[in-house]
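Okay, structure first, notes after.
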Number of protein chains: 2
Amino acid sequence: MPGKPTIKDIARLVGVSHSTVSRALNGSPLISSVTRERIQAIADRMDFEFNEGARRLKNRKTGIIGVLYYSVLNDFRSSLYTNELFRDLRHSLERVGLDALVVEAYNDQSGQSNIARLIRQNKVDGFVIIHPEIRREDYELIKVHKLPIVHIHMISDGISRDSVDCFFTDNYEGGHLAARHLIDSGCRKIQVVRIDENEAEEFRQRTLGCLSALEEAGFIVDVEGFFSCDCSYKGGYRLVKENHIHLREYDGIFIPADIAAFGFLNALKEEGIRVPEDLKVIGFDDSPVGRMTLPSLTTIHQPREELADKASKRIRSLLFDDTSDEPIQEYVKPALVIRESS
Amino acid sequence: MPGKPTIKDIARLVGVSHSTVSRALNGSPLISSVTRERIQAIADRMDFEFNEGARRLKNRKTGIIGVLYYSVLNDFRSSLYTNELFRDLRHSLERVGLDALVVEAYNDQSGQSNIARLIRQNKVDGFVIIHPEIRREDYELIKVHKLPIVHIHMISDGISRDSVDCFFTDNYEGGHLAARHLIDSGCRKIQVVRIDENEAEEFRQRTLGCLSALEEAGFIVDVEGFFSCDCSYKGGYRLVKENHIHLREYDGIFIPADIAAFGFLNALKEEGIRVPEDLKVIGFDDSPVGRMTLPSLTTIHQPREELADKASKRIRSLLFDDTSDEPIQEYVKPALVIRESS
DNA sequence: GACCTCCATGCACACGTTTGCATCCTGCAA
DNA sequence: TTGCAGGATGCAAACGTGTGCATGGAGGTC
């Protein structure tokens with residue numbers, strides 16, 4: 001009565017041994033369906049939950065997932081969105097009984113990767129990789145130790161997508177949505193900004209999706225004339241400062257990263273270009289700060305919660321179920337969020 | 001050899017029983033100091049760490065601390081700073097082997113507080129309270145179940161500070177610093193904004209500290225003439241829109257909450273009031289977005305890491321050490337951060 | 001020397017779970 | 001009838017730690 005119910009309590013009530021309860025609740029095929037259902041019913045009624053401590057002890061697991069994630073906020077580069085993504089990931093992991101541990105994939109002072117240390121000390125059961133700056137040797141090390149890996153958001157060059165578990169935003173579709181929205185809002189001269197972040201595939205997909213929508217609508221696209229900037233607040237800011245005369249020729253612009261769009265908006269204000277009257281602006285990511293800018297930012301929502309959810313469930317499954325090890329790849333659909341800037 | 005070392009491994013090496021190792025490493029007074037040191041030396045050499053799973057199992061603890069925290073970002077009210085604080089708290093808790101669980105202190109649909117549920121289901125070992133919207137009955141419930149509580153950042157009305165464990169920023173000192181800085185920067189007509197957030201004590205202290213510095217410097221302070229706004233982006237924004245003529249009389253202003261200062265800065269830009277040339281602005285909190293505004297915001301840094309650290313260590317100690325239960329109150333010093341707005 | 005005290009240490013069990021192995025039962029073939 | 005197969009379930013040990021109780025030894029007193 002005092003404290004949480006255990007499998008033994010359930011066993012007593014059902015009239016079976018606690019082994020049977022354990023197997024039933026873990027989906028073992030050894031248990032007959034009628035017994036399983038009786039057990040499940042009682043467990044539900046009592047709000048039964050496994051004692052994670054005991055489970056981890058017995059399974060020799062820590063319940064901790066290392067998350068490789070570029071968390072440095074100092075320069076406000078691309079970290080705005082990944083911060084949010086990490087938050088959602090953390091919540092999803094919690095929901096499946098796991099904890100997240102931030103991993104800085106860099107050498108510490110000793111010159112040794114702390115990924116090696118984490119593995120050596122059995123600190124983590126597996127990894128979720130958000131940002132791609134992981135060194136080849138660390139990656140191999142994880143593989144050698146047979147720890148599961150799930151990728152979200154980006155993927156390192158040189159790793160074949162088909163051979164790993166990964167969940168991504170459909171960036172192409174997102175770019176397409178963005179262009180469609182500008183067209184539907186009446187824009188006739190649309191500009192696309194190219195993000196020069198190591199030629200990252202995700203940004204390229206956004207631009208390509210955008211172009212396809214423009215072409216479908218019969219727009220003539222001057223690919224050579226594209227602006228470009230890096231994925232940062234200052235990148236967007238400078239873009240305006242260096243091109244503001246040229247910018248007045250356009251009535252709509254797609255900036256495939258919110259963080260750059262923020263700098264862009266602020267610079268426009270300083271130049272006296274009105275948004276959305278003179279120029280409609282749409283970003284990409286749906287960073288929460290987008291609600292706070294003036295005007296607030298129309299953008300493409302990345303399905304963070306969904307990505308986080310899928311990744312969490314997948315890694316849980318890789319850890320506990322001995323299913324076939326066929327890797328899974330999945331693209332998740334983004335969504336348009338209309339605010340004041342368009 | 002394979003896997004992490006356990007207390008039994010250490011026991012074998014030292015030539016004692018694992019009980020002795022357990023006691024030694026937990027600081028039990030039963031162990032002689034010479035034995036303790038031998039054990040400690042070996043433990044250090046092997047990078048020994050306790051198996052948290054086993055520990056939690058044995059101690060009937062979950063290792064999870066419920067954090068009451070107003071996490072809703074929708075309206076961007078005061079949540080900007082508390083979000084950062086929570087992040088730091090999470091990291092500190094991790095460092096002492098604990099996990100944080102966000103607790104929304106509101107009734108869920110059933111009308112029942114989920115604090116009651118968490119306690120009933122033994123989901124948490126204790127609470128850290130960041131924001132003060134906790135209902136009397138929930139508070140009593142925690143007390144009745146003898147779960148430890150540590151307060152940071154704010155405290156509910158009707159709870160006596162002396163009777164609880166709490167760690168706060170020295171808000172008075174912070175306000176003092178802010179005013180000193182404006183004076184030292186050459187301001188001669190300084191305005192102070194009062195934040196009307198339920199007359200919260202923390203804001204009042206900031207204002208008071210500011211006033212004392214002004215008076216010390218021989219300024220004549222027109223308390224009646226103070227502006228006031230609520231603790232939100234829009235609050236600061238409106239403040240300008242409704243008082244911009246009046247504002248031109250001043251050359252320095254202290255806005256005791258960054259979030260309001262952000263709205264304030266944006267509105268100033270629209271009104272053509274230059275910062276810092278016409279008006280120097282200083283905020284309070286050191287929210288990270290302050291680096292991103294134009295101009296970036298001079299502010300008072302709240303010692304979040306330190307508050308988080310102290311709170312984490314304290315709750316750990318309340319959980320595991322059976323020290324005397326004298327509650328601890330501590331005020332931590334803030335620091336001035338100079339950026340472009342002053 | 002016998003007795004007692006006090007301090008340091010060991011023994012053994014418990015925490016809740018998983019799992020290899022043993023056991024039991026039912027049904028079917030010989 | 002016996003034997004056997006196979007499915008369902010129970011038994012018991014193990015994971016690493018904490019702790020009440022027993023034990024052993026050193027030192028002191030009479």
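Chain identifiers are assigned alphabetically (A, B, ...) following the order of the sequence lines, protein sequences preceding nucleic acid strands; residue numbering begins at 1 within each chain. Basis for what follows: all heavy atoms, side chains included, without hydrogens, waters or symmetry-related copies.
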- prompt: How would you label the contact of S19(A) with the nucleic acid (heavy atoms, under 4.0 Å): base, sugar-phosphate, or nothing?
  reply: base
Pair up each side-chain donor or acceptor in residues 37-47 of chain B with any protein partner under 3.5 Å, not counting sequence neighbours, and list the distances.
residue, atom, partner, partner atom, Å
R38(B), NH2, V14(B), O, 2.9
Q40(B), NE2, D44(B), OD1, 3.1

message: Angle between the end axes of the helix from dG1(C)-dC30(D) to dA30(C)-dT1(D), five pairs per end, to the nearest 10 degrees?
response: 70°
query: Is the shortest side-chain N/O distance from T20(A) to OP1 or OP2 of dG10(D) below 4.0 Å?
result: yes
- prompt: Can you find a side chain N or O atom of R55(A) that sits less than 4.0 Å from OP1 or OP2 on dT18(C)?
  reply: yes
task: Would you indicate what R56(A) reaches in the nucleic acid, counting non-hydrogen atoms under 4.0 angstrom: base, sugar-phosphate, or nothing?
output: nothing
query: Hey, does S22(A) reach any base, or is it just sugar-phosphate, or nothing, if we go heavy atoms under 4.0 Å?
result: base
- request: Check whether any side-chain nitrogen or oxygen of S17(A) sits under 4.0 Å from OP1 or OP2 of dC11(D), and answer yes or no.
  value: no
- prompt: In terms of side-chain heavy atoms, does N51(B) have a donor or acceptor partner in R56(B) at a distance below 3.5 Å?
  reply: no
message: I need the residues from residues 26-41 of chain B with at least one non-hydrogen atom less than 4.0 Å from DNA chain D; give them sorted by number, or say none.
response: N26(B)
- line: Rounded to whole Å, CG of N51(A) lies from P of dC15(C) at a distance of 12 Å
message: Between P on dA12(D) and NZ on K58(A), what's the gap in Å once rounded to a whole number?
response: 15 Å
message: For a quick test of reading the model: is some side-chain N or O of R60(A) closer than 4.0 Å to OP1 or OP2 of dG16(D)?
response: yes
